[in-house]
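For reference, the structure is listed below as structure tokens.
All heavy atoms count here, side chains included; hydrogens, waters and symmetry mates do not. Just so you know, residue 1 is the first one in the sequence shown, and it goes up from there.
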Amino acid sequence: MKKLLSLVLLLLAVTLFAFPVSALAEDTADATTGITASEAGTPAEPFTWQYLASIAGAAAFTLLVVQFLKAPLDKIWKIPTRVFAYIIALLTMLVATAFTTGLDIQTALLAVVNAFIAALTAYGAYEVTFAKLDNNK
């Protein structure tokens, strides 16, 4: 079961990162409403700097990165997963904020606080999705 889940996650990662998804959400008007994708708030790309600077974007990115790197990382270093998740969330928010609004003391401190929320969201998403799989063993 773990091998199947790992294969599904790998295929999902390849789909998200290797193939251009932006063609699926081109800025064309909907036939029924006449609203374009950007007007509706639908991102044209899976990850943008604005999205990664948000708590939801940082949490989604953190969940993906931690799940793919925690097993290989445990073989090298014994870093607690929650600490690793916070570090990934913090780095994501700092870099995304630097690219979007610029990084100064205020935005860096807000990124530190918001990274806690993003990491907690990533923990919760993991627990909701994978805890049920672990309980069914």
By side-chain contact (heavy atoms from CB on, under 4.5 Å), which residues pair with Ala125, not counting sequence neighbours?
->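 For Ala125, the residues satisfying side-chain contact (heavy atoms from CB on, under 4.5 Å) (neighbours in sequence not counted) are Leu63.
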Does any pair with a residue in residues 94-113 pass ring-ring contact (aromatic ring centres under 6.0 Å, His included), and if so which ones, sequence neighbours excluded?
->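 The answer is Trp49-Phe99.
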Test of understanding: clusters of I, L, V, M, F, W, Y form through side-chain heavy atoms closer than 4.5 Å, transitively. Do [X] and [Y] belong to the same one?
X      : Y      : answer
Tyr126 : Leu120 : no
Val66  : Leu52  : yes
Phe61  : Leu64  : yes
Val65  : Tyr123 : no

Other cluster members, Met93 - Ile/Leu/Val/Met/Phe/Trp/Tyr, side-chain contacts below 4.5 Å =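 Result for Met93 is Ile55, Ile117.
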If you take all heavy atoms of [X] and [Y], which pair is closest and at what distance?
X      : Y      : value
Tyr51  : Ala60  : OH-CB, 4.1 Å
Ala115 : Ala89  : O-CB, 3.7 Å
Ala59  : Ala122 : O-CB, 3.7 Å

Could you check Val112 against Tyr86 for side-chain contact (heavy atoms from CB on, under 4.5 Å), going step by step and ending with a plain yes or no?
-> CA-CA 9 Å; Val112 168; Tyr86 176 72; 3.4 Å; yes
Give, for atom CG of Leu103 and atom CG of Leu110, the distance between the pair rounded to the nearest 0.5 Å.
->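 Between atom CG of Leu103 and atom CG of Leu110 there are 10.5 Å.
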Can you list the residues that meet the side-chain hydrogen bond (donor to acceptor under 3.5 Å, both in side chains) rule with Thr107, with sequence neighbours excluded?
->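 With sequence neighbours excluded, Thr107 shows a side-chain hydrogen bond (donor to acceptor under 3.5 Å, both in side chains) to Asp104, given in chain and number order.
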So, the side chain of Thr97 versus the backbone of Leu94: is there a donor-acceptor pair under 3.5 Å, distance only?
->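 Flag not set: sc Thr97 to bb Leu94 has no pair under 3.5 Å.
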Expected list for residues 70-84: side-chain donor-acceptor pairs under 3.5 angstrom, two or more places apart:
from  : atom 1 : to    : atom 2 : distance (Å)
Lys78 : NZ     : Asp74 : O      : 3.1

